[in-house]
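Structure first, commentary second.
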Amino acid sequence: MIVTTVLIILSIILSFYFRNYALGSTEDHLEEELSRIENVVLSNHTLDLNDSYLAAEENLIIYSDGQFIAGSNQIAEEIYNEITTSNLSSSTFIVNDINDREFMVKVSDLSEFFESDTAIIKYSDLDTLNQSFLTVLIILIITAAILFLITTFFAFFLISRITKPLIALKNSSFSTAGGNYNQLKVTSRDEIGELTLAFNKMNDNIKSTITELTHEKNLRETVFSSLSNGLMYFNTSGEPVYSNDRGRSYYELFQQSEEEFEYFKSLIIDVSESDENHLERLDIEDLHLQLAMSPVKSLEEQNGVTVLIRDITDEYNTEKMRTDFISSVSHELKTPMVMLSGYSEALLDDIVTEPEEVKEMVSIIKDESDRMNKLVSELLIIARMDSDDVLYDIKSRNFTLLLHELHQRFDYKLKDNNIELNINAGSETVTFPFDYDKLNQVFTNLIDNAIRYTKAGDVITINIAEDEDCVTIEVSDTGTGIKRENIKHIFERFYKVDEARTRGKHGTGLGLYIVSNIIKKHSGTIAADSIFGEGTTFTIKLPKE
């Protein structure tokens, strides 16, 4: 547009300059001719010039006293009318004849040299000049058009060379912003080419940096996700910013309890404000969680708080179990030890001398010694079970033979207590893999418990049912039963129901724990169901494979 405007202005200026120059030259020529004729007229002191001279002079008009002495009457009339009607002040002017031909006229007034109005007029036809001017104007227009096309083509060529790489850079920038790192082709060695090289290098650096960051992020996520502890990061307002899977599950657990959740958020804000590490324990339902909170700072500015959440439920339960175990063992050993010590001192001090009384005390000492021996034996069994030091000889055997042996062993005790034991098996041979000694211990314990929790006239029943996958054994009695709130605890260590319901001999509280452990080692399950005052049923399921 700039080049086009310049060319148009230049063409107009040149055309007008050419026309003005041509008109000026014509006027100067007419001035010279008019001066020459004036000299001739004034030197002869007459206007009557010979015809040969007038014929030699072209475009000459001599006017005197209203008459045209020389020249074309038609042109003379046009010139005279122009002079008289236009009141021209200049001696040079341009007129048009009736044919629209244009003439430049030069007038010289000689009235002062003659007695009448006298003037010599010289004119020149401007058609040739106008034709030449039109030709020059057309040449200028054609030249300007050609130059416009050339400059426009060059401009578009230059623009394409400049803008095409720039457009490619722009598109590639958007592509880079979208995560696609493309390399651009360098087409020149100018500034744009250097910019393209710099952009390609920047793209490579960004891609390399993003790849490293992504690798580090994935590695960090893998490490954090593999942690068994919950890891969370909170801002100074207590809002979560980052969390691994375990931490997210703990946070959702906190949100379920409004009181615990508000307390947790207050801890985070307190740690953020105090800028000190803090260790806290939260108990939610059956979980015991330890929270390790640390403030995070960068450039002396507080950014947030990291929280490491560790589940210490097993540790807490283990410690509690250890404490309870020591307390229970101490309590269980204390009673027989006191009785042994007391009755032994009574015998040594001859406080009791009657043979029957002495026999009774010795019997009590024996019972308490047996009780201590049983307790120690069961403790040793539990210790071996906890350390996985117990070997199991599990192979296919006939289970009904084991039950018949148990029936024979308990036959005297059952008759002595007037209790009936019934064994109901679908067939005489119920075969599946089990450890004979371990299951012997299991059902010995269950039958012994049933005898202790029944009274004369009650019935103990063992039902055996089998299918393709497992064998189901039910040991039920019609004894005193167990309260509903006690059933879920009977397989715990040292747990004993109300001893007032036993038949005089107290258990150690370890038998059912050992039973449960043995059944689990056989990949089986054991469950208890009881109606207080009506009886109890233990259901054992053991796999055939």
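For the numbers below, each heavy atom of this structure counts, side chains included, while hydrogens, waters and symmetry mates do not. Starting from 1, each residue takes its place in the sequence as its number. No experiment lies behind these values; they were computed from the predicted model shown.
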Does [Y] offer a backbone N or O that forms a donor-acceptor pair with the side chain of [X] under 3.5 Å?
{"X": "T209", "Y": "N205", "result": "yes"}
{"X": "S208", "Y": "D204", "result": "no"}
{"X": "D435", "Y": "I394", "result": "no"}
{"X": "S257", "Y": "F254", "result": "no"}
{"X": "T135", "Y": "Q131", "result": "yes"}
{"X": "T454", "Y": "I451", "result": "yes"}
{"X": "N445", "Y": "Q441", "result": "no"}
{"X": "T537", "Y": "S476", "result": "no"}
{"X": "S175", "Y": "N171", "result": "no"}
{"X": "T211", "Y": "K207", "result": "yes"}

Can you give me the closest heavy-atom contact between [X] and [Y], atom names plus distance?
{"X": "F434", "Y": "R397", "value": "O-NH1, 2.6 Å"}
{"X": "I490", "Y": "A528", "value": "CD1-CB, 3.5 Å"}
{"X": "T429", "Y": "N398", "value": "CA-OD1, 3.7 Å"}
{"X": "N203", "Y": "S172", "value": "ND2-OG, 4.0 Å"}
{"X": "F532", "Y": "G481", "value": "CD1-O, 4.0 Å"}
{"X": "N277", "Y": "P295", "value": "OD1-CD, 3.2 Å"}

Mind checking whether [X] and [Y] have side chains closer than 4.5 Å, heavy atoms only?
{"X": "T536", "Y": "V475", "result": "no"}
{"X": "Y392", "Y": "H522", "result": "yes"}
{"X": "L512", "Y": "N449", "result": "yes"}
{"X": "V241", "Y": "F234", "result": "no"}
{"X": "D393", "Y": "Y436", "result": "no"}
{"X": "N422", "Y": "H407", "result": "no"}
{"X": "I312", "Y": "L289", "result": "no"}
{"X": "Y242", "Y": "T306", "result": "no"}

**OP:** Dump the intermediate steps for side chain to side chain contact (heavy atoms under 4.5 Å, CB included) on Q290 and L279, then the final yes or no.
**Re:** CA-CA 7 Å; Q290 186 182 65; L279 194 64; 3.9 Å; yes
Nearest-0.5 Å distance, [atom1] of residue [X] to [atom2] of residue [Y]:
{"X": "M293", "Y": "D270", "atom1": "CE", "atom2": "CG", "answer": "9.0 Å"}
{"X": "K541", "Y": "T472", "atom1": "NZ", "atom2": "OG1", "answer": "5.0 Å"}
{"X": "I519", "Y": "I514", "atom1": "CD1", "atom2": "CD1", "answer": "12.5 Å"}
{"X": "F199", "Y": "L169", "atom1": "CZ", "atom2": "CG", "answer": "6.0 Å"}
{"X": "I309", "Y": "L282", "atom1": "CD1", "atom2": "CG", "answer": "8.5 Å"}
{"X": "N244", "Y": "N229", "atom1": "CG", "atom2": "CG", "answer": "8.5 Å"}

**OP:** Verify side chain to side chain contact (heavy atoms under 4.5 Å, CB included) between H288 and R310, making sure each step is shown before the conclusion.
**Re:** CA-CA 9 Å; H288 303 279; R310 190 165 68 93; over 6 Å; no
Subject >> Audit row: H278, E280, side chain to side chain donor-acceptor pair (under 3.5 Å) steps and yes/no >> reply: CA-CA 7 Å; H278 182 71; E280 183 76 17; 2.8 Å; yes
Original post:
Between K265 and E260, is the closest basic N to carboxylate O distance under 4.0 Å?
Top reply: no
Original post:
Is the shortest distance from a Lys or Arg side-chain nitrogen in R248 or D245 to a carboxylate oxygen in the other one below 4.0 Å?
Top reply: yes
Result block: side-chain N/O donor-acceptor pairs under 3.5 angstrom for residues 458-471, not counting sequence neighbours:
unit_1: D458; atom_1: OD1; unit_2: T478; atom_2: OG1; d: 3.2
unit_1: D458; atom_1: OD2; unit_2: K455; atom_2: N; d: 2.8
unit_1: N463; atom_1: OD1; unit_2: N424; atom_2: ND2; d: 2.8
unit_1: E466; atom_1: OE1; unit_2: K544; atom_2: NZ; d: 3.0
unit_1: D467; atom_1: OD1; unit_2: D469; atom_2: N; d: 3.0
unit_1: D467; atom_1: OD1; unit_2: C470; atom_2: N; d: 2.7

Original post:
Can you tell me if T444 and R409 form a side-chain donor-acceptor pair at under 3.5 Å?
Top reply: yes
Original post:
Listed by chain and number, what are the ring pair (Phe, Tyr, Trp, His ring centres under 6.0 Å) partners of Y250, not counting sequence neighbours?
Top reply: none
**OP:** Could you go through the side chain to side chain contact (heavy atoms under 4.5 Å, CB included) check for K413 and D448 one step at a time?
**Re:** CA-CA 9 Å; K413 192 173 183 179; D448 183 66; 2.7 Å; yes
Original post:
Would you call the rings of F399 and F432 parallel, tilted or perpendicular, where under 30° means parallel and over 60° means perpendicular?
Top reply: tilted
**OP:** Could you tell me how the ring of Y21 sits relative to the ring of Y17: parallel (under 30°), tilted (30 to 60°) or perpendicular (over 60°)?
**Re:** parallel
Original post:
So D283 and L287, side chain to side chain contact (heavy atoms under 4.5 Å, CB included) or not? Walk me through it.
Top reply: CA-CA 6 Å; D283 299 329; L287 287 178; over 6 Å; no
Subject >> Within 6.0 Å of CD1 in I269, more than 12 heavy atoms from elsewhere >> reply: yes
